[in-house]
S.K.: 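Have a look at this one.
Here the structure is a predicted model, which is why all the values come from computation and not from measurement.
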Amino acid sequence: MPKRDSTVRGREFGAGIRAAIESAGLTGRGASQLAGWDPAKLSDLMNGKGGISEHDLIRLLGICRTPLEESDHLVTMFREADRSGWLQVHGERQPVLPRTLSEHEAVATEIICWSMNLIPGPLQLPDYFRALIESNPNTPQTEADERVAARAARQQQLFRRRCTMTFYIHEQALRLPVGGSEVMSDQLHHLMTMGVRSYITYRVLPTSLGAHAGLAGSFTLMTFDKLEPVVFIDAENHAVFLDDKDSAKAYKTIVSSLDRAALDAEQSKELIERMTS
């Protein structure tokens, strides 16, 4: 297969190959030698740029003794890796651990999040998130502990990286009493605590603003060092990843409009602080 531009699918495929090699106790160079490849060939593959045949892939997975279920997943991803955009339909509910989102968060250089109704996911305390789970009739309460733990682990991984993060939050999200007044008070204090970190910025859109550019819904825009930006849109039982240039341009335009309309960083912190008192 010829080389191609990296896509969301391609990068998840590459991350899966990297994990398969590590699980086998091999290095990239060692796996290349066993497969009889130039190391640059494997590098292109792990960066989602193709350059091999399906037969080559199956041989590599055999060398790594990759479990059958994961092998089938990676072969499917390989076949679709050049397709731009990705609608992931989860069935009745979202997965406990969103694999594609986590893998992109792990390498993003900047994350811009717009949240219209809720505190952004990376900033949600366990009790706040648990209240959201309890209010959702599609999520079994028996999964609550597992989901809360998975969210906490994702947050730790994200904040350990210290990538630049800007959170545009509508004032109504700050005032919606998710979990009751005590939980919400703890949540707002948590925002203030997290806000002292140099790589985190809050920008609040006041309710008094009225109509604004973000009314179509919440989203996350992720940028990368050597890859095209990715827009992530979350919904009840599906997620959308957009990696084409037109989508990135459109959502960057929305972010620019939110930036002009929102309170500045200091005003935003002051508003949140007033709400905690």
S.K.: Could you measure the distance from the CZ atom of Phe241 to the CD atom of Gln88? Nearest 0.5 Å is fine.
M.R.: 5.0 Å
S.K.: First locate atom CG of Leu123, then atom CG of Leu188, and finally report the distance between them rounded to the nearest 0.5 Å.
M.R.: 11.5 Å
S.K.: Any side-chain heavy atom of Met116 sitting closer than 4.5 Å to one from Leu215?
M.R.: yes
S.K.: Have Asp259 and Ser256 got a donor and an acceptor in their side chains that come within less than 3.5 Å?
M.R.: no
S.K.: Shortest non-hydrogen contact from Thr166 to Arg203?
M.R.: CG2-CG, 4.3 Å
S.K.: So do Phe219 and Val255 actually touch side chain to side chain, heavy atoms under 4.5 Å?
M.R.: yes
S.K.: Please work out which of the three classes, parallel, tilted or perpendicular, describes the rings of Trp114 and His212, given edges at 30° and 60°.
M.R.: perpendicular
S.K.: Carefully, step by step, assess Leu61 and Ile17 under the rule side chain to side chain contact (heavy atoms under 4.5 Å, CB included).
M.R.: CA-CA 8 Å; Leu61 295 175; Ile17 293 297; 4.1 Å; yes
S.K.: Between Met222 and Ala108, what is the shortest heavy-atom contact and its length?
M.R.: CB-CB, 4.2 Å
S.K.: Around atom NZ of Lys269, are there more than 12 heavy atoms of other residues, nucleotides or ligands at under 6.0 Å?
M.R.: yes
S.K.: Would you say Arg9's side chain and Arg83's backbone share a donor-acceptor pair under 3.5 angstrom?
M.R.: yes
S.K.: Do you know the tightest heavy-atom contact between Glu143 and Thr139?
M.R.: OE1-CG2, 4.3 Å
S.K.: Does the side chain to side chain contact (heavy atoms under 4.5 Å, CB included) test come out yes or no for Phe13 and Leu57, once each step is laid out?
M.R.: CA-CA 11 Å; Phe13 167 77; Leu57 171 62; 3.8 Å; yes
S.K.: Shared ILVMFWY cluster between Tyr199 and Leu221, side chains joined below 4.5 angstrom?
M.R.: no
S.K.: How about Met165 and Leu158: do any of their side-chain heavy atoms sit closer than 4.5 Å?
M.R.: yes
S.K.: Looking at every heavy atom in both Val231 and Ser247, which two are closest together, and how far apart are they?
M.R.: CG2-O, 4.4 Å
S.K.: With side chain to side chain contact (heavy atoms under 4.5 Å, CB included) as the test, pick out the partner of Tyr251 among Ile233, Ile112, Asp246.
M.R.: Ile233
S.K.: Leu174 pairs by side chain to side chain contact (heavy atoms under 4.5 Å, CB included) with which of Leu118, Ile169, Thr207, Thr276?
M.R.: Ile169
S.K.: Using modelled atom types and a 3.5 Å cut-off, is there a donor and acceptor pairing between side-chain atoms of Ser71 and backbone atoms of Thr66?
M.R.: yes
S.K.: List the atom of Leu205, the atom of Leu209, and the distance in Å for their closest heavy-atom pair.
M.R.: CD2-CD2, 3.9 Å
S.K.: Can you check salt bridge (Lys or Arg N to Asp or Glu O under 4.0 Å) on Asp243 and Arg11, steps first, answer last?
M.R.: CA-CA 11 Å; Asp243 54 12; Arg11 290 194 287 276; 5.1 Å; no
S.K.: What's the spacing between Glu236 CD and Glu92 CD if we round to 0.5 Å?
M.R.: 10.5 Å
S.K.: Can Phe224 and His104 be said to form a side chain to side chain contact (heavy atoms under 4.5 Å, CB included), step by step?
M.R.: CA-CA 9 Å; Phe224 308 88; His104 280 75; 3.7 Å; yes
S.K.: Glu105 vs Cys163, test: side chain to side chain contact (heavy atoms under 4.5 Å, CB included). Steps then yes/no.
M.R.: CA-CA 9 Å; Glu105 287 177 337; Cys163 73; over 6 Å; no
S.K.: Got Ser53 and Asp56 here, is their nearest side-chain heavy-atom distance under 4.5 Å?
M.R.: yes
S.K.: Can you tell me how far apart OG (Ser32) and CG (Leu26) are? Round to the nearest 0.5 Å.
M.R.: 10.0 Å
S.K.: Just one of His190, Arg151, Gln155, Gln187 clears the side chain to side chain donor-acceptor pair (under 3.5 Å) bar with Gln124, so which one?
M.R.: Arg151
S.K.: Looking only at the side chains, is there a donor atom on one of Ser102 and Gln157 sitting less than 3.5 Å from an acceptor on the other?
M.R.: no
S.K.: Decide whether Trp86 and Leu242 are clustered together by the hydrophobic rule: side chain heavy atoms of Ile, Leu, Val, Met, Phe, Trp, Tyr closer than 4.5 Å, transitively.
M.R.: no
S.K.: Count the heavy atoms belonging to other residues, nucleotides or ligands that lie under 6.0 Å from CD of Gln141, then report whether that count exceeds 12.
M.R.: yes
S.K.: State which residues pass side-chain hydrogen bond (donor to acceptor under 3.5 Å, both in side chains) with Tyr202; sequence neighbours excluded, sorted by chain then number.
M.R.: none
S.K.: Can you check whether Asp234 reaches Gln94 side chain to side chain, under 4.5 Å on heavy atoms?
M.R.: yes
S.K.: Side chains of Asn117 and Gln172: is there a donor and an acceptor less than 3.5 Å apart?
M.R.: yes
S.K.: I'd like to check the side-chain hydrogen bond (donor to acceptor under 3.5 Å, both in side chains) partners of Arg175; sequence neighbours left out, ordered by chain and number.
M.R.: Glu171
S.K.: Any side-chain heavy atom of Leu101 sitting closer than 4.5 Å to one from Thr220?
M.R.: no
S.K.: Would you give the length of the straight line joining atom OG of Ser277 to atom NE2 of His189, rounded to the nearest 0.5 angstrom?
M.R.: 8.5 Å
S.K.: What is the minimum heavy-atom distance between Ala213 and Ser257, and which atoms define it?
M.R.: CB-OG, 3.3 Å
S.K.: Would you say Asp145 and Arg130 make side-chain contact, with heavy atoms under 4.5 Å?
M.R.: yes
S.K.: Please examine the side chains of Phe129 and Ile119, heavy atoms only from C-beta on, and report whether any two atoms are closer than 4.5 Å.
M.R.: no
S.K.: How many angstroms lie between atom OG1 of Thr109 and atom CZ of Arg161, to the nearest 0.5 angstrom?
M.R.: 8.0 Å
S.K.: Check this for me: Arg99, atom CZ, are more than 12 non-hydrogen atoms of other residues, nucleotides or ligands nearer than 6.0 Å?
M.R.: yes
S.K.: Group every Ile, Leu, Val, Met, Phe, Trp and Tyr by side-chain heavy-atom contacts under 4.5 Å, then state whether Met192 and Leu271 land in the same group.
M.R.: yes
S.K.: Hydrophobic clusters here meaning ILVMFWY residues chained together by side-chain heavy-atom distances under 4.5 Å, can you tell me if Ile272 and Val178 are in one?
M.R.: yes
S.K.: Quick one: does any side-chain atom of Thr7 pair with a main-chain N or O of Ala81 as donor and acceptor, under 3.5 Å?
M.R.: yes
S.K.: Given 3.5 Å as the limit, does a donor-acceptor pair link the side chain of Arg147 with the main chain of Leu97, or not?
M.R.: no
S.K.: Are Val75 and Val8 connected, step by step, through hydrophobic side chains (Ile, Leu, Val, Met, Phe, Trp, Tyr) whose heavy atoms are closer than 4.5 Å?
M.R.: yes
S.K.: Just wondering, more than 12 heavy atoms not from Arg65 lying within 6.0 Å of its CZ?
M.R.: no
S.K.: Between Asp186 and Tyr128, do the side chains contain an N or O donor and an N or O acceptor separated by less than 3.5 Å?
M.R.: no
